[in-house]
Participant: 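Take this structure, written in structure tokens, and hold onto it; I'll ask about it next.
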There are 2 protein chains.
Amino acid sequence: MGDKYNKFSKYFVAVDCVIFGYEDGDLKLLLYHRGFEPAKGMWSLMGGFVGEEESSDTAARRILKNITGLDDIYLEQVQAFTDPKRDMEGRVVSLAYFALIRIDRHKSDSVRENGAHWWSLKSLPNLVFDHKEMVEKALEKLQNKAGLELVGSELLPDKFTLLQLRLLYEAIFQRDLDPGNFRKKILSLNVLQRLCEKNTTESRRGAHYFKFIDGATERSFERIVKI
Amino acid sequence: MGDKYNKFSKYFVAVDCVIFGYEDGDLKLLLYHRGFEPAKGMWSLMGGFVGEEESSDTAARRILKNITGLDDIYLEQVQAFTDPKRDMEGRVVSLAYFALIRIDRHKSDSVRENGAHWWSLKSLPNLVFDHKEMVEKALEKLQNKAGLELVGSELLPDKFTLLQLRLLYEAIFQRDLDPGNFRKKILSLNVLQRLCEKNTTESRRGAHYFKFIDGATERSFERIVKI
DNA sequence: CCAAAAGTGTTTATAATACACCCATGG
DNA sequence: CCATGGGTGTATTATAAACACTTTTGG
């Protein structure tokens, strides 16, 4: 490489992952207890520095793999955070990502070893630096995505009831949705297949399980939740 | 500052601006002829490196001010481009921004001095590096914004006809819009004020000029163009 | 029996779309 | 007088939202 840019400054470049999971009717975030300075002992997003041979996407995947053991995680860039004073230990430009994780699949022991913990979105602890702002922007992005296509395959188990799917959407949009209208809307997308099996633990009558039809284009081009 | 991060690598951090303008019924991009290596002589977005005391937002504003002489430019971050090989001259992480410029206001002599030129979005030249991808992502963001709130005050002159506004929207969404329906939709937002003056140069009958009502919340919370 | 979710159907309100039609006027 | 955009009105269709009602079953 040449030296054309040598008069300009270089900075650390990090990624921070806003990791969404869904469990017990609650949208959750995977946070960890920082084991190093600065801000040692405080709660923070999962992050790390971008290596010389990798893009930020690759770095984010590497970090998620380390923590959760998962390879095929849905990942989307949120935005860059670049305030010169955002990290008191040095000039760090951080690229926020959001990830969707199926909690039932990830390696929970690896998560625990890393001092990580799932926190309900409704009661987050104080976060270091500008991580709270990252969470807010990531939630906006998630709402945007979920409003245009059916998420769920990235967050729910293989089979799930429409109640579970609706509760997920209510958690994402943080408001109630009409059960009847939601059911009709979702089924009209033709991306779910009803299974014969029923879930009898969450209602007396029992609700059919559904699964995503393989290969059904999830991007339905119809608005699922009006924004 | 400490030395906690010293084992990690540092990279150049740049911003590249996708500068939209509107003129003669055409959505245009301000590009410039690179005067330095690498890729000297090719067309490129306006860009520059982020300084030690500034955020990337500030850097983008500084660059836009240098080129156009304008201070109050609408600016939004698009996304980070981080491929390790995206710039052959060194590891440069670039943050793409999109800007909306009123061509009638900017300092055209300063633009010319910088070797810059307005190109119609319909016939762009080949761009260096990943700048074409930046333009595509920026247009997506612009469509998203324009679909949810009335842009125009950032791109059109102080007074304009509804024909001009519709042509702007058709340029942004790259499809035709029904004149009657567009008019009703726009006027129902109650953010435009009809002036007594008429424009008689673009139609025989003459069309009323409109202007944006000061302080009218532009974010109308109604969808202007369905996506 | 009753509460609670499952599942279906109906009604109303609102928004998107298509398009007809008259107006004004420069060439 | 006529082509062109200005401007208004209306019919049709699609979608969102509200909500009534019936079914099922464990406690």
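Predicted model only: the values in this text are computed from it and were never measured. Order of the sequence lines fixes the chain letters, A, B, ..., with proteins taken first and strands second; residue numbering starts at 1 for each chain.
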Participant: Report yes or no: does His131(A) contribute a side-chain atom to a donor-acceptor pair with the main-chain N or O of Ser44(A) at less than 3.5 Å?
Facilitator: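 Pair absent, no side-chain N/O of His131(A) close to backbone of Ser44(A).
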Participant: Angle between the two end axes of the helix from dC1(C)-dG27(D) to dG27(C)-dC1(D), five base pairs per end, rounded to 10 degrees?
Facilitator: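 The helix from dC1(C)-dG27(D) to dG27(C)-dC1(D) shows an end-to-end axis angle of 10°.
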Participant: Measuring to OP1 and OP2 of dT8(C), would you say a side-chain N or O of Arg183(A) lies under 4.0 angstrom away?
Facilitator: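 Arg183(A) to dT8(C) OP1/OP2: side-chain N or O found under 4.0 Å.
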Participant: Quick one: do the Ser153(B) and Tyr74(B) side chains pair a donor with an acceptor below 3.5 Å?
Facilitator: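 On atom types as modelled, these side chains do not qualify, holding no pair under 3.5 Å.
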Participant: dG5(D), dA5(C), dC19(D): which one has an atom nearest the side-chain heavy atoms of Asp178(A)?
Facilitator: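 Nearest listed nucleotide: dC19(D).
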Participant: From the list dG7(D), dT17(C), dT23(D), which nucleotide is the closest neighbour of the side chain of Arg205(A)?
Facilitator: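 Comparing dG7(D), dT17(C), dT23(D) against the side chain of Arg205(A), the answer is dT23(D).
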Participant: Listed by chain and number, what are the side-chain contact (heavy atoms from CB on, under 4.5 Å) partners of Glu197(A), not counting sequence neighbours?
Facilitator: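 Per chain and number, Glu197(A) pairs via side-chain contact (heavy atoms from CB on, under 4.5 Å) with Lys159(A), Tyr209(A).
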Participant: For Asn199(A) and dG26(D), what is the distance between atoms CG and C1' respectively, to the nearest whole Å?
Facilitator: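 Value for this atom pair: 14 Å.
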Participant: Looking at Glu170(A) and Arg166(A), does any basic side-chain N land under 4.0 Å from a carboxylate oxygen?
Facilitator: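 Salt bridge flag = yes for Arg166(A) with Glu170(A).
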Participant: Rounded to the nearest angstrom, tell me the gap between atom NZ in Lys198(A) and atom P in dG26(D).
Facilitator: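 Between P of dG26(D) and NZ of Lys198(A): 11 Å.
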Participant: For Leu192(B) and Phe160(B): C-alpha separation, side-chain torsions, deciding distance, then whether side chain to side chain contact (heavy atoms under 4.5 Å, CB included) applies.
Facilitator: CA-CA 10 Å; Leu192(B) 295 188; Phe160(B) 50 87; 3.8 Å; yes
Participant: Can you tell which of dG6(D), dA5(C), dT10(C) lies closest to the side chain of Leu163(A)?
Facilitator: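 Output: dA5(C).
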Participant: Just how far, in rounded Å, is P of dA15(C) from NZ of Lys184(B)?
Facilitator: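 It is 13 Å, rounded to the nearest whole Å.
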Participant: Check the side chains of Asp16(B) and Ser94(B) for a donor-acceptor pair under 3.5 angstrom, ignoring hydrogens and angles.
Facilitator: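 Checked: Ser94(B)/Asp16(B) side chains pair up, N/O donor to acceptor below 3.5 Å.
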Participant: Over how many whole Å does the gap from Phe182(A) atom CZ to dG7(C) atom P extend?
Facilitator: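 Whole-Å distance recorded here is 14 Å.
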Participant: Arg204(B) side chain: which of dG6(D), dT4(D), dG26(D) is closest?
Facilitator: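 In terms of side-chain proximity for Arg204(B), the closest of dG6(D), dT4(D), dG26(D) is dT4(D).
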